[in-house]
There are 2 protein chains.
Amino acid sequence: MTRTSLNHFHCSMARTADIIGDKWSLLILRDVFLGSKTFSQFQKNLGVARNILSDRLDKLVRNEILERRRTRPGVERYSYHFTDRGSELVPVLIAMMQWGDRWIFGEGKEPLELNDQKTGRPIQLIKVLSADGKPLANDEMSASPGSGADSSILTSFHGKRSKVSD
Amino acid sequence: MTRTSLNHFHCSMARTADIIGDKWSLLILRDVFLGSKTFSQFQKNLGVARNILSDRLDKLVRNEILERRRTRPGVERYSYHFTDRGSELVPVLIAMMQWGDRWIFGEGKEPLELNDQKTGRPIQLIKVLSADGKPLANDEMSASPGSGADSSILTSFHGKRSKVSD
DNA sequence: CAGTATCCTCGCAGATACTG
DNA sequence: CAGTATCTGCGAGGATACTG
(Lines give C-alpha, C1' and ligand atoms only; values in the text may rest on other atoms or scores of the structure.)
Protein backbone atom coordinates (compact mmCIF):
# COMPACT_ATOMS: atom_id res chain seq x y z
CA MET A 1 0.00 0.00 0.00
CA THR A 2 0.80 3.56 0.36
CA ARG A 3 2.25 3.17 -3.02
CA THR A 4 -1.22 3.15 -4.43
CA SER A 5 -3.87 5.30 -2.88
CA LEU A 6 -7.16 3.78 -1.90
CA ASN A 7 -9.19 6.68 -3.17
CA HIS A 8 -10.65 4.77 -6.04
CA PHE A 9 -12.38 2.36 -3.71
CA HIS A 10 -15.95 3.30 -3.10
CA CYS A 11 -15.69 1.97 0.38
CA SER A 12 -15.71 3.79 3.66
CA MET A 13 -13.29 1.36 5.15
CA ALA A 14 -10.78 1.83 2.42
CA ARG A 15 -11.01 5.57 2.50
CA THR A 16 -10.81 5.67 6.25
CA ALA A 17 -7.87 3.33 6.17
CA ASP A 18 -6.22 5.62 3.70
CA ILE A 19 -6.40 8.46 6.17
CA ILE A 20 -5.71 6.83 9.50
CA GLY A 21 -4.65 3.34 8.50
CA ASP A 22 -1.00 3.77 9.13
CA LYS A 23 0.65 3.12 12.38
CA TRP A 24 2.08 6.51 13.18
CA SER A 25 -1.18 8.32 12.51
CA LEU A 26 -2.97 5.89 14.73
CA LEU A 27 -0.43 6.33 17.49
CA ILE A 28 -0.54 10.09 17.21
CA LEU A 29 -4.31 10.01 17.55
CA ARG A 30 -4.01 7.78 20.54
CA ASP A 31 -1.57 10.19 22.05
CA VAL A 32 -3.89 13.11 21.45
CA PHE A 33 -6.64 11.07 22.97
CA LEU A 34 -4.53 10.51 26.04
CA GLY A 35 -3.74 14.15 26.42
CA SER A 36 -0.68 15.00 24.37
CA LYS A 37 -0.87 18.22 22.44
CA THR A 38 2.45 19.41 21.18
CA PHE A 39 4.99 18.38 18.60
CA SER A 40 7.61 17.57 21.18
CA GLN A 41 5.23 15.60 23.34
CA PHE A 42 4.41 13.39 20.40
CA GLN A 43 8.01 13.13 19.44
CA LYS A 44 9.06 12.17 22.90
CA ASN A 45 6.24 9.75 23.59
CA LEU A 46 6.36 7.98 20.27
CA GLY A 47 10.00 8.25 19.40
CA VAL A 48 9.15 8.89 15.81
CA ALA A 49 11.49 10.74 13.47
CA ARG A 50 10.74 14.44 13.32
CA ASN A 51 10.15 14.57 9.60
CA ILE A 52 7.74 11.68 9.78
CA LEU A 53 5.91 13.25 12.67
CA SER A 54 5.73 16.50 10.80
CA ASP A 55 4.37 14.75 7.77
CA ARG A 56 1.71 12.87 9.71
CA LEU A 57 0.56 15.88 11.65
CA ASP A 58 0.28 17.75 8.41
CA LYS A 59 -1.76 15.03 6.86
CA LEU A 60 -4.05 14.80 9.85
CA VAL A 61 -4.54 18.55 9.81
CA ARG A 62 -5.18 18.60 6.07
CA ASN A 63 -7.74 15.88 6.51
CA GLU A 64 -9.31 17.89 9.28
CA ILE A 65 -8.82 15.25 11.89
CA LEU A 66 -6.66 17.52 13.98
CA GLU A 67 -6.57 21.23 14.26
CA ARG A 68 -3.47 23.25 14.98
CA ARG A 69 -3.75 26.20 17.31
CA ARG A 70 -1.20 28.77 18.26
CA THR A 71 -0.98 28.69 22.00
CA ARG A 72 0.67 32.04 22.52
CA PRO A 73 0.47 34.86 20.02
CA GLY A 74 3.73 35.81 18.49
CA VAL A 75 5.57 32.73 19.69
CA GLU A 76 6.12 29.55 17.76
CA ARG A 77 4.12 27.41 20.09
CA TYR A 78 1.36 25.25 18.84
CA SER A 79 -0.98 22.60 20.07
CA TYR A 80 -3.00 19.98 18.29
CA HIS A 81 -6.57 19.10 19.08
CA PHE A 82 -9.29 16.95 17.67
CA THR A 83 -11.76 18.55 15.37
CA ASP A 84 -15.35 17.34 15.40
CA ARG A 85 -14.48 15.01 12.63
CA GLY A 86 -11.48 13.79 14.51
CA SER A 87 -13.17 13.28 17.83
CA GLU A 88 -15.65 10.98 16.19
CA LEU A 89 -12.76 8.74 15.43
CA VAL A 90 -12.43 8.01 19.10
CA PRO A 91 -14.72 4.98 18.94
CA VAL A 92 -12.32 3.47 16.46
CA LEU A 93 -9.45 4.04 18.82
CA ILE A 94 -11.35 2.66 21.76
CA ALA A 95 -12.42 -0.37 19.81
CA MET A 96 -8.81 -1.07 18.95
CA MET A 97 -7.66 -0.58 22.50
CA GLN A 98 -10.32 -2.86 23.84
CA TRP A 99 -9.47 -5.54 21.40
CA GLY A 100 -5.85 -5.29 22.35
CA ASP A 101 -6.66 -5.28 26.03
CA ARG A 102 -8.60 -8.41 25.65
CA TRP A 103 -6.61 -10.36 23.12
CA ILE A 104 -3.07 -9.20 23.43
CA PHE A 105 -2.78 -8.44 27.07
CA GLY A 106 -4.57 -11.17 28.90
CA GLU A 107 -6.88 -11.18 31.86
CA GLY A 108 -4.43 -10.20 34.51
CA LYS A 109 -2.59 -7.70 32.43
CA GLU A 110 -4.27 -4.61 33.73
CA PRO A 111 -5.72 -3.01 30.65
CA LEU A 112 -5.88 0.71 30.24
CA GLU A 113 -8.86 2.14 32.02
CA LEU A 114 -10.65 5.12 30.65
CA ASN A 115 -12.97 7.41 32.50
CA ASP A 116 -15.37 9.83 31.04
CA GLN A 117 -14.18 13.20 32.10
CA LYS A 118 -17.52 14.70 32.94
CA THR A 119 -19.29 11.88 34.67
CA GLY A 120 -16.21 10.17 35.92
CA ARG A 121 -17.74 6.89 34.93
CA PRO A 122 -15.43 4.24 33.62
CA ILE A 123 -15.70 3.42 29.97
CA GLN A 124 -15.26 -0.20 29.31
CA LEU A 125 -17.43 -1.36 26.51
CA ILE A 126 -17.95 -0.56 22.94
CA LYS A 127 -20.97 -2.11 21.39
CA VAL A 128 -22.52 -2.43 18.04
CA LEU A 129 -26.12 -1.38 18.21
CA SER A 130 -29.01 -1.88 15.90
CA ALA A 131 -30.75 1.07 14.35
CA ASP A 132 -33.36 1.15 17.06
CA GLY A 133 -30.65 1.60 19.63
CA LYS A 134 -31.06 -1.77 21.24
CA PRO A 135 -27.91 -3.72 21.75
CA LEU A 136 -27.37 -6.51 19.35
CA ALA A 137 -26.64 -9.56 21.41
CA ASN A 138 -22.93 -9.30 21.49
CA ASP A 139 -22.68 -13.06 21.32
CA GLU A 140 -23.74 -12.89 17.77
CA MET A 141 -20.66 -10.98 16.96
CA SER A 142 -18.30 -13.48 18.38
CA ALA A 143 -20.39 -16.55 18.86
CA SER A 144 -19.07 -18.79 16.16
CA PRO A 145 -16.34 -20.97 17.54
CA GLY A 146 -13.20 -20.53 15.57
CA SER A 147 -13.56 -23.93 14.11
CA GLY A 148 -17.31 -23.91 13.84
CA ALA A 149 -19.08 -24.92 10.73
CA ASP A 150 -20.32 -21.85 8.99
CA SER A 151 -19.29 -18.84 11.00
CA SER A 152 -21.78 -16.23 10.06
CA ILE A 153 -21.16 -12.95 11.68
CA LEU A 154 -22.84 -10.26 9.75
CA THR A 155 -22.77 -11.18 6.17
CA SER A 156 -25.76 -9.61 4.58
CA PHE A 157 -25.38 -6.08 3.39
CA HIS A 158 -26.77 -3.67 0.91
CA GLY A 159 -24.72 -1.28 -1.06
CA LYS A 160 -22.28 -1.12 -3.85
CA ARG A 161 -20.37 -4.30 -3.60
CA SER A 162 -19.85 -4.45 -7.30
CA LYS A 163 -17.43 -1.60 -7.45
CA VAL A 164 -15.17 -3.13 -4.89
CA SER A 165 -12.29 -3.58 -7.22
CA ASP A 166 -12.72 -0.31 -8.98
CA MET B 1 6.69 2.23 10.55
CA THR B 2 6.84 -1.30 9.68
CA ARG B 3 10.51 -0.74 9.75
CA THR B 4 10.32 -0.74 13.51
CA SER B 5 7.92 -3.02 15.24
CA LEU B 6 5.60 -1.66 17.84
CA ASN B 7 5.99 -4.61 20.14
CA HIS B 8 7.91 -2.68 22.70
CA PHE B 9 5.02 -0.37 23.38
CA HIS B 10 3.01 -1.45 26.34
CA CYS B 11 -0.10 -0.18 24.70
CA SER B 12 -3.03 -2.05 23.31
CA MET B 13 -3.45 0.42 20.53
CA ALA B 14 0.11 0.09 19.40
CA ARG B 15 0.07 -3.66 19.48
CA THR B 16 -3.25 -3.81 17.71
CA ALA B 17 -2.02 -1.35 15.14
CA ASP B 18 0.98 -3.54 14.61
CA ILE B 19 -1.23 -6.45 13.68
CA ILE B 20 -4.02 -4.86 11.70
CA GLY B 21 -2.80 -1.32 11.23
CA ASP B 22 -1.79 -1.65 7.64
CA LYS B 23 -4.08 -1.04 4.79
CA TRP B 24 -4.10 -4.38 3.07
CA SER B 25 -4.77 -6.27 6.28
CA LEU B 26 -7.62 -3.95 7.02
CA LEU B 27 -9.05 -4.40 3.57
CA ILE B 28 -8.71 -8.14 3.72
CA LEU B 29 -10.60 -8.18 6.98
CA ARG B 30 -13.27 -5.99 5.51
CA ASP B 31 -13.54 -8.39 2.62
CA VAL B 32 -13.87 -11.36 4.93
CA PHE B 33 -16.47 -9.44 6.84
CA LEU B 34 -18.39 -8.90 3.65
CA GLY B 35 -18.29 -12.52 2.72
CA SER B 36 -15.13 -13.24 0.78
CA LYS B 37 -13.37 -16.40 1.73
CA THR B 38 -10.81 -17.48 -0.80
CA PHE B 39 -7.44 -16.32 -2.01
CA SER B 40 -8.72 -15.49 -5.45
CA GLN B 41 -11.72 -13.64 -4.16
CA PHE B 42 -9.46 -11.40 -2.17
CA GLN B 43 -7.10 -11.03 -5.04
CA LYS B 44 -9.85 -10.10 -7.42
CA ASN B 45 -11.69 -7.76 -5.10
CA LEU B 46 -8.68 -5.93 -3.81
CA GLY B 47 -6.39 -6.08 -6.79
CA VAL B 48 -3.46 -6.69 -4.52
CA ALA B 49 -0.31 -8.43 -5.69
CA ARG B 50 -0.36 -12.14 -4.99
CA ASN B 51 2.77 -12.21 -2.91
CA ILE B 52 1.54 -9.37 -0.74
CA LEU B 53 -1.80 -11.04 -0.30
CA SER B 54 -0.08 -14.26 0.59
CA ASP B 55 2.07 -12.46 3.09
CA ARG B 56 -0.84 -10.68 4.75
CA LEU B 57 -3.01 -13.76 4.94
CA ASP B 58 -0.13 -15.56 6.53
CA LYS B 59 0.34 -12.85 9.05
CA LEU B 60 -3.35 -12.77 9.89
CA VAL B 61 -3.38 -16.52 10.31
CA ARG B 62 -0.24 -16.49 12.43
CA ASN B 63 -1.82 -13.86 14.63
CA GLU B 64 -4.92 -16.01 14.86
CA ILE B 65 -7.18 -13.40 13.36
CA LEU B 66 -8.10 -15.67 10.49
CA GLU B 67 -8.21 -19.38 10.25
CA ARG B 68 -7.51 -21.33 7.10
CA ARG B 69 -9.67 -24.33 6.35
CA ARG B 70 -9.40 -26.88 3.62
CA THR B 71 -12.74 -26.87 1.88
CA ARG B 72 -12.45 -30.20 0.17
CA PRO B 73 -10.21 -32.98 1.37
CA GLY B 74 -7.40 -33.82 -0.95
CA VAL B 75 -7.83 -30.76 -3.11
CA GLU B 76 -5.89 -27.54 -2.82
CA ARG B 77 -8.88 -25.47 -1.97
CA TYR B 78 -8.96 -23.31 1.10
CA SER B 79 -11.12 -20.73 2.74
CA TYR B 80 -10.42 -18.12 5.34
CA HIS B 81 -12.66 -17.36 8.27
CA PHE B 82 -12.57 -15.26 11.36
CA THR B 83 -11.45 -16.89 14.53
CA ASP B 84 -13.03 -15.78 17.80
CA ARG B 85 -10.24 -13.38 18.20
CA GLY B 86 -10.73 -12.10 14.71
CA SER B 87 -14.46 -11.73 14.86
CA GLU B 88 -14.12 -9.46 17.83
CA LEU B 89 -12.28 -7.13 15.57
CA VAL B 90 -15.51 -6.48 13.75
CA PRO B 91 -16.42 -3.52 15.96
CA VAL B 92 -13.20 -1.87 14.86
CA LEU B 93 -14.14 -2.40 11.24
CA ILE B 94 -17.65 -1.14 11.76
CA ALA B 95 -16.42 1.90 13.63
CA MET B 96 -14.15 2.72 10.72
CA MET B 97 -16.86 2.20 8.17
CA GLN B 98 -19.28 4.37 10.06
CA TRP B 99 -16.81 7.13 10.39
CA GLY B 100 -16.13 6.99 6.69
CA ASP B 101 -19.82 6.87 5.88
CA ARG B 102 -20.39 9.97 7.86
CA TRP B 103 -17.31 12.03 7.18
CA ILE B 104 -16.08 10.96 3.79
CA PHE B 105 -19.23 10.14 1.96
CA GLY B 106 -21.71 12.81 2.92
CA GLU B 107 -25.35 12.72 3.75
CA GLY B 108 -26.71 11.77 0.40
CA LYS B 109 -23.97 9.37 -0.44
CA GLU B 110 -25.77 6.17 0.42
CA PRO B 111 -23.54 4.61 3.01
CA LEU B 112 -23.10 0.92 3.25
CA GLU B 113 -25.95 -0.64 5.15
CA LEU B 114 -25.38 -3.65 7.29
CA ASN B 115 -28.00 -6.02 8.56
CA ASP B 116 -27.63 -8.48 11.29
CA GLN B 117 -28.00 -11.86 9.74
CA LYS B 118 -30.16 -13.45 12.36
CA THR B 119 -32.53 -10.70 13.29
CA GLY B 120 -32.41 -8.88 10.00
CA ARG B 121 -32.22 -5.66 11.88
CA PRO B 122 -30.10 -2.94 10.42
CA ILE B 123 -26.92 -2.07 12.21
CA GLN B 124 -26.24 1.59 12.21
CA LEU B 125 -24.64 2.70 15.38
CA ILE B 126 -21.60 1.92 17.31
CA LYS B 127 -21.51 3.42 20.73
CA VAL B 128 -19.14 3.76 23.55
CA LEU B 129 -20.79 2.60 26.71
CA SER B 130 -19.91 3.08 30.31
CA ALA B 131 -19.13 0.16 32.50
CA ASP B 132 -22.68 -0.09 33.77
CA GLY B 133 -23.88 -0.55 30.25
CA LYS B 134 -25.60 2.76 29.96
CA PRO B 135 -24.83 4.80 26.91
CA LEU B 136 -22.51 7.65 27.48
CA ALA B 137 -24.16 10.69 26.00
CA ASN B 138 -22.68 10.53 22.58
CA ASP B 139 -22.52 14.29 22.46
CA GLU B 140 -19.73 14.18 24.92
CA MET B 141 -17.64 12.38 22.43
CA SER B 142 -17.98 14.97 19.74
CA ALA B 143 -19.34 17.97 21.54
CA SER B 144 -16.41 20.30 21.47
CA PRO B 145 -16.66 22.55 18.45
CA GLY B 146 -13.62 22.20 16.30
CA SER B 147 -12.45 25.64 17.24
CA GLY B 148 -13.73 25.55 20.78
CA ALA B 149 -11.59 26.49 23.70
CA ASP B 150 -10.43 23.42 25.48
CA SER B 151 -11.83 20.42 23.72
CA SER B 152 -11.86 17.75 26.34
CA ILE B 153 -13.03 14.48 25.08
CA LEU B 154 -11.92 11.77 27.36
CA THR B 155 -8.70 12.77 28.85
CA SER B 156 -8.48 11.12 32.19
CA PHE B 157 -7.13 7.66 32.30
CA HIS B 158 -5.39 5.29 34.58
CA GLY B 159 -2.69 2.96 33.57
CA LYS B 160 0.87 2.86 32.51
CA ARG B 161 1.36 6.08 30.76
CA SER B 162 4.94 6.23 31.83
CA LYS B 163 6.12 3.47 29.60
CA VAL B 164 4.70 5.03 26.50
CA SER B 165 8.01 5.59 24.86
CA ASP B 166 9.53 2.38 25.94
C1' DC C 1 10.21 25.03 20.39
C1' DA C 2 8.53 23.46 16.05
C1' DG C 3 9.49 22.28 12.52
C1' DT C 4 12.36 21.93 7.45
C1' DA C 5 16.14 20.00 4.61
C1' DT C 6 19.08 16.34 3.28
C1' DC C 7 20.88 11.92 2.79
C1' DC C 8 20.71 7.08 2.96
C1' DT C 9 18.76 2.52 3.58
C1' DC C 10 15.65 -1.06 3.83
C1' DG C 11 11.44 -3.31 2.81
C1' DC C 12 6.79 -2.88 0.81
C1' DA C 13 4.67 -3.47 -3.11
C1' DG C 14 4.09 -4.52 -8.13
C1' DA C 15 4.76 -7.67 -12.03
C1' DT C 16 5.48 -11.93 -13.78
C1' DA C 17 6.84 -16.68 -14.08
C1' DC C 18 6.61 -20.99 -12.03
C1' DT C 19 4.78 -25.21 -9.09
C1' DG C 20 1.84 -28.91 -6.67
C1' DC D 1 -6.72 -22.96 -7.60
C1' DA D 2 -3.53 -21.31 -4.24
C1' DG D 3 0.06 -20.07 -3.61
C1' DT D 4 5.83 -19.58 -3.96
C1' DA D 5 9.96 -17.56 -6.18
C1' DT D 6 12.44 -13.80 -8.11
C1' DC D 7 13.52 -9.32 -9.64
C1' DT D 8 13.09 -4.48 -9.43
C1' DG D 9 12.23 0.18 -7.69
C1' DC D 10 9.83 3.62 -5.37
C1' DG D 11 9.23 5.75 -1.33
C1' DA D 12 8.42 5.36 3.74
C1' DG D 13 11.09 5.78 7.51
C1' DG D 14 15.38 6.82 10.34
C1' DA D 15 19.22 10.01 11.68
C1' DT D 16 21.07 14.27 11.85
C1' DA D 17 21.91 19.06 10.85
C1' DC D 18 19.93 23.33 10.23
C1' DT D 19 16.45 27.50 10.70
C1' DG D 20 12.98 31.19 12.34
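What's counted below: heavy atoms across the whole structure, side chains too, no hydrogens, waters or symmetry copies. The model shown is predicted, which means the values in this text are computed figures rather than measured ones. Per chain, numbering begins at 1; letters A, B, ... match sequence-line order.
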* Closest listed nucleotide, where the reference is the side chain of B:Val48 and the choices are D:dG3, C:dA2, C:dG14 ->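 Out of D:dG3, C:dA2, C:dG14, the nucleotide with an atom closest to B:Val48's side chain is C:dG14.
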
* Which one, D:dC1, C:dA15, D:dG14, comes nearest to the side chain of B:Ala49? ->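 Nearest nucleotide to the side chain: C:dA15.
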
* Asked: Considering Watson-Crick and G-U wobble pairs with both distances under 3.5 Å, what does D:dG20 pair with?
  ->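 Here D:dG20 is engaged in a pair, and the nucleotide opposite it is C:dC1.
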
* Phosphate oxygens OP1/OP2 of D:dG3: is one of them under 4.0 Å from a side-chain N or O of B:Ser54? ->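 Negative; the distance criterion is not met.
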
* Taking only N and O in the side chain of A:Tyr80, is any of them less than 4.0 Å away from OP1 or OP2 of C:dG3? ->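 Yes, within the criterion.
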
Kindly give the heavy-atom pair with the smallest separation between [X] and [Y], and that separation in Å.
X	Y	value
B:Pro91	B:Ser87	CD-O, 4.1 Å
A:Arg85	A:Glu64	CB-O, 3.4 Å
B:Tyr80	B:Phe39	CE1-N, 4.4 Å

* Asked: Is any NZ, NE, NH1 or NH2 atom of the basic residue among A:Lys23 and B:Asp22 found under 4.0 Å from an Asp or Glu carboxylate oxygen of the other?
  ->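 No salt bridge links A:Lys23 with B:Asp22.
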
Output the rounded distance in Å from [atom1] ([X]) to [atom2] ([N]).
X	N	atom1	atom2	answer
A:Asn45	C:dA2	CG	P	13 Å
A:Gln43	C:dG3	CD	P	12 Å
B:Glu76	C:dC18	CD	C1'	14 Å
B:Ile52	C:dA15	CD1	P	11 Å
A:Leu66	C:dA2	CG	P	15 Å
B:Phe39	C:dG20	CZ	P	17 Å
B:Lys59	C:dG11	NZ	P	14 Å
A:Gln41	C:dA2	CD	P	8 Å

* Asked: D:dG3 base to B:Asn51 side chain: any donor-acceptor pair below 3.5 Å?
  ->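 A donor-acceptor contact between them is absent.
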
* Any N or O donor-acceptor pair linking the side chain of A:Arg50 to the base of C:dA2 at under 3.5 Å? ->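 Per atom types, the contact qualifies.
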
* B:Tyr78 six-ring face occupied by B:Arg70 cation (under 6.0 Å, within 45°) ->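 No, cation not above the ring by the 6.0 Å, 45° rule.
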
